[in-house]
A.B. asks: 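Before anything else, here's the structure in question.
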Amino acid sequence: MKNILLLFVATLTLSCGVSRAHENPAPELLPAHTVVIRGTRTIPPAWTLRSKPATAQHAMVVSAHPLATQAGVEILKQGGNAIDAAVAVAFALEVVLPDAGNIGGGGFIVHRSAAGEVLALDYREAAPAGATHDMYLDSAGNVTDKSLVGHLAAGVPGSVAGLYAAWKRLGSLPWPTLLAPAIRLANGHIVDSARSRDITNDRELLAQFPASRAQFLPNDSAPAPGTLWKQHDLARTLQLISDSGPDVFYRGQIADLIVAEMQRGGGLITKNDLRAYRAKWRTPVELTYRGYTIYSMPPPSSGGVTMGEILNILEGYDTIPALGTPAYEHLLAEAMRRAFIDRNHWLGDPDFVQMPIERLLSKSYAASLRSEIDPQHATPTPPSITTGGGVHTTHYSIVDAKGNAASVTTTLNGGFGSGVTVTGAGFLLNNEMDDFASAPGKPNMYGLVQGEANSIAPGKRMLSAMTPSIVLDRGGKLFMVVGTPGGPTIITTVAQVILNVLDQRMSLADAVAAPRIHHQALPDVIHYERDGLTEATVRALEAMGHRMEMRRGMSGIVAAIQHTAGGWIGVADPRYAGGALGY
Ligand code: GLY
């Protein structure tokens, strides 16, 4: 059942991707878009979507919604810094991007100050104290859908605690100033066609829960494009958070509403769980690639470590073939495969699991993995490797006028999370519990064994793939801020955007627009985007022993910023209707 649902969710999200791309208000359709790299035409002519980069001298915000981006810029123009803007964007996304914006969810921030200090903040959801190792198994030991849909799927939300912790340490404007744009939007904003369609696509999920029906399906359907959408309960919740900070969410009136909702639907989160929740500062993962430095998220995200392994493996090749060639896609897929094998075996919540991070990220380990790659043939993934991860999340990147940078990826997990809106509070709860391995030691639909490192335990944080990242140039100066949603494809997407800029020498716009592949060890298959590889490349990879599968839609919604001589370039992925804006 769970697997059928997963397939359903994935299909929906991916097929949404196709229409979303055509909804983008900013794409420039070029008749025969090609990128020429070292004399080779590497992007198929059929791939015609181009993003229109924003340029700005001082500061830049890129997010998955133009109104959230505007909220961030508004704060920057009032003298706020990157964290002030990040807090404003987060609360605005809760209002205008309800499928992924998330005071009922969690996330990660990687922040680099203009002075060079890099911090990572973990506000990932935690399993409630009542959670148990086998809570999603039925009496026959089969995995149910309870980790995906409904009250039992929700982990203890971390976003409000995390945003407040980030602001306390790094923010500069008053807290209520940062919530003002979101409150204004919740009191009424014009819905665009992309968001109306997102709600329509998940109508069946939302209709199951009365408070979600009332909030998202007034008159039994999604708010129509071009209409004013008012979310009164949410506006009140945001006002309470503005007035009282996280206390009201974790101990006060909103906590009461969350607990009442849990009791209504058989969920586990208690007042004690909420009271005990803490955001945690972590040591960022620091990677090097051909002289560039990359900071990314450590566990409980697998993002930084897994991307590090991919990059370390590729760094050992003196020459990198051109994007789109069988030789390049093969090397990339084989590096991804090896990194995911380690990810799936080793990684979990660092407060619960011992992990050999130093070894996994060492250049000598990468050399040993590289030596096992056959340049002509795919290496089959051994059995008993795990896989997993939800597909709907959101990323935003910010650089302020002083050069502070925030890279933020944040999630409800699935689109609209668990589908449960907290009655009277107007926000959705996550279904992040599905990012745990529900049945460690038991085969899933692929005959694989899920890893114990990511098994469920009270208070534990589920493994994530979110990869908010910051890249410094060879001189140690801020060069890129990048991230994306996309479940496990987050890791491979961020890696490919970085590789496209650093190795393939592409402009940021082309690096983001370029078709992407994904390999996660198991299923043992290269996924590629529609028209993302030529027929000849697909056939050549098959001849090497790769199983090839074209996605129904597209992969990732990147939000990226790059430093240039003239200031900043911001790129919102042409696959979706986001927004890049600076000044
Ligand atoms: N829920 C998606 C992730 O954390 O990777």
Side-chain angles (χ1 to χ4, degrees), residues 2 5-6 9-10 12-14 64 90 93 97 99-102 104-110 120-127 136 147-149 153-159 162 202 279-280 282 285 296-307 336 339-340 343-344 347-350 386-396 407-419 428-438 450-451 453-454 456 460-469 482-495 518 520-521 555-558:
K2 176 180 173 182
L5 257 159
L6 269 174
V9 172
L12 210 62
T13 307
L14 294 172
L93 286 170
L97 193 78
D99 51 334
N102 55 65
F108 302 122
I109 297 175
V110 175
L121 181 62
D122 159 14
Y123 49 100
R124 184 72 164 160
E125 300 91 325
Y136 298 117
S147 63
L148 277 169
V149 178
V156 182
S159 290
D202 272 311
K280 299 181 182 185
R282 308 276 188 194
V285 165
S296 195
M297 197 63 209
S301 180
S302 60
V305 174
T306 313
M307 180 168 73
M336 290 173 180
F340 266 84
R343 174 221 191 247
N344 297 333
L347 302 186
D349 182 341
T386 65
T387 184
V391 290
H392 216 91
T393 297
T394 191
H395 177 86
Y396 54 97
S407 189
V408 187
T409 317
T410 173
T411 186
L412 287 171
N413 195 25
F416 301 93
S418 62
L428 283 154
L429 290 169
N430 67 83
N431 61 349
E432 217 71 59
M433 291 296 282
D434 192 64
D435 272 355
F436 279 119
S438 290
Q450 297 277 331
N454 190 30
I456 303 172
K460 190 174 174 184
R461 298 181 183 204
M462 56 295 286
L463 188 64
S464 170
M466 293 189 285
T467 315
S469 300
V482 58
T484 182
T489 70
I490 290 173
I491 301 165
T492 53
T493 293
V494 174
H518 176 70
Q520 59 179 42
S555 181
I557 304 171
V558 172

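In each ligand, atom 1 is the first atom listed, and ligand 1 is the first ligand listed.
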A.B. asks: Would you say the side-chain atoms of S407 pair up with the backbone N or O of V482, donor to acceptor, closer than 3.5 Å?
C.D. replies: yes

A.B. asks: Just jot down the side-chain contact (heavy atoms from CB on, under 4.5 Å) partners of P300, sequence neighbours excluded, or say none.
C.D. replies: F108, D122, R124, R282, P350, R461

A.B. asks: Strictly under 4.0 Å, does any heavy atom of M462 approach an atom of ligand 1?
C.D. replies: no

A.B. asks: Heavy-atom contacts with R124 under 4.0 Å: which atoms of ligand 1 show up? List them by number with element.
C.D. replies: 4 (O)

A.B. asks: Applying ring pair (Phe, Tyr, Trp, His ring centres under 6.0 Å), can you list everything that pairs with F416, at least two apart in sequence or on another chain?
C.D. replies: F216

A.B. asks: Counting only nitrogen or oxygen atoms and a 3.5 angstrom limit, does G487 reach ligand 1?
C.D. replies: no

A.B. asks: Under 3.5 Å, side chain of T306 to main-chain N/O of F340, donor-acceptor pair present?
C.D. replies: no

A.B. asks: Taking 4.0 angstrom as the limit and counting only heavy atoms of T393, give me the atoms of ligand 1 inside it, by number and element.
C.D. replies: 2 (C)

A.B. asks: Find all atoms of ligand 1 within a distance of less than 4.0 Å from any non-hydrogen atom belonging to T411, and give their numbers and elements.
C.D. replies: 1 (N)

A.B. asks: Examine distances only and state if a side-chain atom of S302 and a backbone atom of S464 form a donor-acceptor pair shorter than 3.5 Å.
C.D. replies: yes

A.B. asks: Suppose I only count heavy atoms of N413 and a 4.0 Å limit; which atoms of ligand 1 are within that range?
C.D. replies: 1 (N), 2 (C)

A.B. asks: Give the atoms of ligand 1, by number and element, whose distance to some non-hydrogen atom of E432 is under 4.0 Å.
C.D. replies: 1 (N), 2 (C), 4 (O)

A.B. asks: Looking at CG of L428 and OG of S418, how far apart are the two atoms once the value is rounded to the nearest 0.5 Å?
C.D. replies: 6.5 Å

